[in-house]
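Have a look at the structure below, then the notes.
Order of appearance sets the numbers: ligands from 1, and atoms from 1 within every ligand.
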Amino acid sequence: DTSSSSTDVANFTWTKFIKNIASFKGDLSSLTAPPFILSPVSLTEFSQYWSEHPDLLLAANNAGAQFEPKFDNVEYSDELNQFLFVVKWFISTLKSQYSSRNESMGSEKKPLNPFLGEVFVGKWEHKEPQGTTVCLSEQVSHHPPITAYSIFNDTNKISLQGYNQAKPTFSSAMLSVKQFGHALLKIGDFNEYLLTLPSLHIEGLIAASPYVELDGKSFIQGSFGHFAVIDFFGKGWMSGKKNSFKCKIYNSKSDYDCDEKPLFVISGQWSGISTIYTGDDEKKKKNPQEFYDASRIPAEQLQVKPIEEQTEFESRRAWKDVAAAIKEGDFNKIHQTKTVLEEAQRTLRKNEDESGNSWETRWFDLIPVDEDNRSSFMKLATLAQLSLEDVPSGTIAGSKDEAKWLKDDAFAQHWRFNRQKWDDEKDITL
Ligand code: HCR
């Protein structure tokens with residue numbers, strides 16, 4: 001980031017930026033961008049997007065509550081009922097994850113690239129008896145950039161954990177991103193769900209008003225067998241609308257494989273309204289019911305401590321000066337403030353190399369897939385016939401895609417939350 005001089009940078013135009021992206025290989029974080037496309041927010045903050053509708057997350061632990069809308073001709077087991085709550089919560093996370101910057105900043109922007117060990121913490125405090133939902137996010141790797149997170153509500157016995165690595169590629173004037181990682185949701189003592197992350201691309205680059213469009217699929221596999229496949233598409237593909245999706249829910253993955261009729265079909269926009277049909281009625285478009293309206297319920301911001309009370313590892317404090325420079329649109333200042341942070345990181349790494357003490361992650365451990373007895377990933381991925389290798393999220397086991405991504409020397413490892421480490425944490429508070 002610091003390689004070009006500030007005069008070069010001041011002359012930087014959008015066209016040059018686009019040309020740079022086009023010839024760019026590797027990590028987007030090292031790409032110099034004009035100030036107006038820089039976001040003052042670090043990627044560690046993005047973990048909060050999993051729970052900006054905490055009521056919907058908590059509703060999934062629904063003991064006795066019937067999912068609405070309810071269809072008379074469907075038999076709802078407790079597990080199916082809960083699965084529907086989980087799907088609704090997942091759909092509700094997408095607007096925050098992928099289009100909230102368009103609303104808050106006018107377009108998608110290039111987020112700050114977190115430093116190793118950067119953390120972001122916050123909480124949602126609910127009315128009694130719902131307790132508190134905690135969000136912990138940690139940058140567990142800098143090269144490649146990987147963020148791990150844990151979101152939990154002990155009162156409701158709900159916990160979500162996962163990690164994410166975005167791998168960008170540029171081809172035919174298109175910036176595409178594959179996501180590596182997954183999310184694991186645990187409800188109560190027994191119910192678990194594996195959620196895979198969709199691929200995406202950036203639209204509107206030529207017009208200098210970039211926005212994210214999802215493509216590909218997400219899968220949700222429940223430990224009781226229920227399976228959902230969510231197909232994403234944008235403007236001009238099957239529908240005239242951006243941010244569109246179609247979700248089919250089945251009793252099991254094998255029902256999906258055998259082309260059985262789905263139990264439910266949900267379609268619409270993840271940033272707007274979606275509609276649910278029973279599998280019997282979908283083709284005839286009979287008896288549509290509203291599933292979710294993303295524009296009706298505003299996102300609930302989590303509470304974050306004031307910057308003065310944060311430690312130097314906490315995102316908003318660490319990036320304070322850079323964020324201020326970005327808001328002022330002052331490239332020289334952005335360059336200077338970023339250099340301070342980057343130099344400090346370089347010195348830390350050098351000292352670690354010299355002393356032989358490598359960096360230790362704070363709340364997450366990297367676990368080889370075959371030793372991962374802390375999560376049900378292996379069981380759920382196997383149920384969904386998903387690859388256990390180090391390949392993009394949601395890659396099907398044995399598929400051509402899997403073969404394309406497989407590297408001989410890479411074996412899959414996953415970042416897992418270590419609750420004890422958080423319980424023992426002395427320096428970072430909520
Ligand atoms: C691709 C992206 C960085 C990664 C962001 C991720 C994948 C991070 C994990 C979150 O859970 C979900 C998520 C949402 C974001 O939409 C996605 C970002 C969108 C743009 C950003 C690029 C690195 C920025 C490219 C620069 C453009 C805008 C000019």
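- Atoms of ligand 1 lying under 4.0 Å from any heavy atom of Ile202, numbered from 1 in the order shown and given with element: 20 (C).
- Salt bridge status for Asp231 with Lys217: present, with a side-chain N to carboxylate O gap under 4.0 Å.
- Using a 4.0 Å cut-off to heavy atoms of Gln179, the atoms of ligand 1 that qualify are 7 (C).
- Ranking the protein heavy atoms by distance from atom 23 (C) of ligand 1 puts Leu28 CD1, 3.4 Å first.
- The side-chain heavy atoms of Phe115 and Glu342, taken from C-beta on, include no pair separated by under 4.5 Å.
- Close approach to Phe17 involves these atoms of ligand 1, each under 4.0 Å from a residue heavy atom: 29 (C).
- For Ser274, the side-chain contact (heavy atoms from CB on, under 4.5 Å) partners are Phe245, Ile266, Phe291, Tyr292, not counting sequence neighbours.
- Ring centroids of Tyr193 and His226 are separated by 6.0 Å or more, keeping the two rings apart.
- At least one heavy atom of Tyr98 sits less than 4.0 Å from an atom of ligand 1.
- With ligand atoms numbered from 1 in the order given, ligand 1 contributes 8 (C), 9 (C) to contacts under 4.0 Å with heavy atoms of Asn164.
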Checklist entry - What's the verdict on ring-ring contact (aromatic ring centres under 6.0 Å, His included) for Phe227 and Phe219, showing C-alpha distance, side-chain angles and the deciding distance? => result CA-CA 7 Å; Phe227 178 76; Phe219 299 116; 5.7 Å; yes
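- Remark: among candidates Glu108, Gln165, Glu213, Gln48, the nearest residue to atom 20 (C) of ligand 1 is Glu108, based on non-hydrogen atoms.
- If you check which protein heavy atom lies closest to atom 1 (C) of ligand 1, you get Val177 CG2, 3.8 Å.
- Protein heavy atom at the shortest distance from atom 3 (C) of ligand 1 is Leu43 CD2, 4.1 Å.
- Annotation: Gln97 places an N or O atom under 3.5 Å from an N or O atom of ligand 1; distance criterion only.
- Looking only at atom types and distance, the side chain of Glu203 has a donor-acceptor partner in the side chain of Tyr211 under 3.5 Å away.
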Please set out all donor-acceptor pairs under 3.5 angstrom arising from side-chain atoms of residues 183-190, sequence neighbours excluded.
residue : atom : partner : partner atom : Å
Asp189  : OD1  : Lys157  : NZ           : 2.8
Asp189  : OD2  : Lys157  : NZ           : 3.3

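- Of the listed residues (Pro210, Pro198, Ser99), the one carrying the non-hydrogen atom nearest atom 28 (C) of ligand 1 is Pro210.
- What sits closest to atom 6 (C) of ligand 1 on the protein, heavy atoms only, is Phe46 CD2, 4.3 Å.
- Scanning the protein for heavy atoms near atom 21 (C) of ligand 1, the closest one is Pro111 CD, 4.0 Å.
- When only modelled atom types and interatomic distance are considered, Thr311 and Asp427 share no side-chain donor-acceptor pair under 3.5 Å.
- Summarising the local packing, NZ of Lys320 is surrounded by 12 or fewer heavy atoms from other residues, nucleotides or ligands at distances under 6.0 Å.
- Taking atom 26 (C) of ligand 1 as the reference point, the nearest protein heavy-atom neighbour is Lys110 CB, 4.1 Å.
- Between Asn61 and Asn156, the side chains place no donor N or O within less than 3.5 Å of an acceptor N or O (distance only, hydrogens not considered).
- Taking a cut-off of under 4.0 Å to the non-hydrogen atoms of Val212, the atoms of ligand 1 that pass are 16 (O), 19 (C).
- At the top of the distance list for atom 16 (O) of ligand 1, counting protein heavy atoms only, stands Arg101 NH2, 2.8 Å.
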